[in-house]
Amino acid sequence: MYLKCALSVCAVALCAILGIAGSDPDPSADPPAELRLVDIVLECSLVEEGGGRLSMFASAFSRQPATLVLRKVGVPEHETLDSYTEYQPPAFDPEALIFEVEVTSASIPGAESLLHADCNEQEVTCEISQYYPQDEVPETAWFICSLQVEGGGVSATMVMRTQPITGEVGVEPQKQKKLDLPLSDSGTIQLAAQFNVFTSMPSVSTALGGTVLLDCGFTGEQHTQEVQVEWRVQHKGNGRRVLHYRGDMNEGVSDRPGAQIDSARLAAHRNASLFLPGFRVADEGTYICIVTAGLYQAQQVIQVQVQEPPSVNLVPEALQLQEGVTERLSCEINRYYPLDVQVVWTQSPSSSPPSSSSSSSPPPSHLPHIYFSSHRQHSDGTYSLSAYVLVNPSTCDAGTTFTCSVSHPSLSEPLTASLTLTLPEESRLWLILGVSMATLIFIFAAYKLVLQWNKGTVAKKGQLKNIKVN
Ligand SMILES: *[C@@H]1O[C@H](CO)[C@@H](O)[C@H](O)[C@H]1NC(C)=O
């Protein structure tokens, strides 16, 4: 699918947002053999606090369009890139904000999702702001960039520092007007990525009770001994720590029972993913993976939601028609989370059971009056609800099927429960009696008729005989 998309649909559309220059593989970088190095160009904004203007109405943040050129990003070799156009730096403009970033020392795993975002009609959010590390380094400016592919894909936060501009000797490089930083010959601010924290799943939904893995990793050239990881969770205004890992001791201390990170995997693969066994409603929230490495700190945010599907059943399980008695038929929707459920009750007449495929049968009709109990919340945080209808024998007959159909975010299609009205035992007895009686009467009548007919024939024959004789 990617291949087709990259070749046809996106070849033109990509030019504006994404330009790929098939850059020469850098022999010094030495990427894994299966990766290919490409440049990725993204539309970004430079976000600054205060906006610089002293106006009462100035927003707290100002945004200015900027371009981010990620140089030498490793993407899998099988990606078809031949159809992409090359990125051409625009004419030299000291007002333009073009950040050209070397990412080889702090790579972005999963960066190919940035390439496909446009094909899949996903927005890429890209924000750059100035960054102030724990210690100042003279002659150096720092930026932090957060990249996010809407609706899945990679989310990354990258710390970058300016690189010295190597121009002609004795010639002062021109400076970017706004930031007062030296520009390269092509008019770009040259940066090198130093540290990168990323996740492949910025939002996670889970059923209750299972183990949830929250993905978080980092790249950079820091020693793992100087790495600290803190996992926090925030929910409805409350924040608390879930786990704290210290690289110098190579151990994690958990504040939530069972929470852990694999310290061997952290040391070997810079994988700071969190395991949360026995996930409960109370664990739901916004998780933050904060990685500190030497001078740098960056974080990723992962939304974790519980989606527990309901069970649906009808009470009573069987219902008989009784003349003049209105019955209550209740749909019990049990132990779901979150709160939002939708319930529809339908009724289909006896001539058209729901399975009937005949086109002439009328569609099931929606019941207009549904009565709801209030939500009940269980100690595990899940909810239950009853939605009932009143069944009146004057508006339906035996064979009518009632269906309760429940929609919930955890379900890809509604759950249903059905019941078909039956005749009461008593009237069924009468029916059997009636039918037997009618059969008996019929047989009796038929017998009499046959007898009479026989007599008549005999009489006629007799008469004929008589006539003949006479
Ligand atoms: C970390 O390890 C887990 C478990 O094997 C894996 O699913 C996840 O993709 C890894 N994440 C990173 C960022 O390497």
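Just follow the structure's listing: the first ligand is 1, and inside any ligand the first atom is 1. These numbers come from a predicted model, not from an experiment.
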**Request:** Pick out which of E49, E43, E127 makes a salt bridge (charged side-chain N to carboxylate O under 4.0 Å, His left out) with R63.
**Result:** E127
Within the protein, flag every N or O under 3.5 Å from an N or O of ligand 1, and note the pair and distance.
| residue | atom | partner | partner atom | Å |
| --- | --- | --- | --- | --- |
| ligand 1 | 2 (O) | N271 | ND2 | 2.3 |
| ligand 1 | 5 (O) | R265 | NH2 | 3.4 |
| ligand 1 | 11 (N) | D215 | OD1 | 2.6 |
| ligand 1 | 11 (N) | N271 | ND2 | 3.0 |
| ligand 1 | 14 (O) | N271 | ND2 | 3.2 |

**Request:** Please name all residues satisfying ring-ring contact (aromatic ring centres under 6.0 Å, His included) with W345, sequence neighbours left out, ordered by chain then number.
**Result:** none
**Asked** Partners of H408 by ring-ring contact (aromatic ring centres under 6.0 Å, His included), sequence neighbours excluded?
**Response** Y336
**Prompt:** How would you list all residue pairs meeting disulfide (SG to SG under 2.5 Å) that involve residues 194-281, not counting sequence neighbours?
**Reply:** C216-C289
**Asked** Hey, what do you get for OG (S384) to CD (E332), rounding to the nearest 0.5 Å?
**Response** 8.5 Å
**Item:** Interatomic distance, I144 atom CD1 to R161 atom CZ [nearest 0.5 angstrom]
**Value:** 15.0 Å
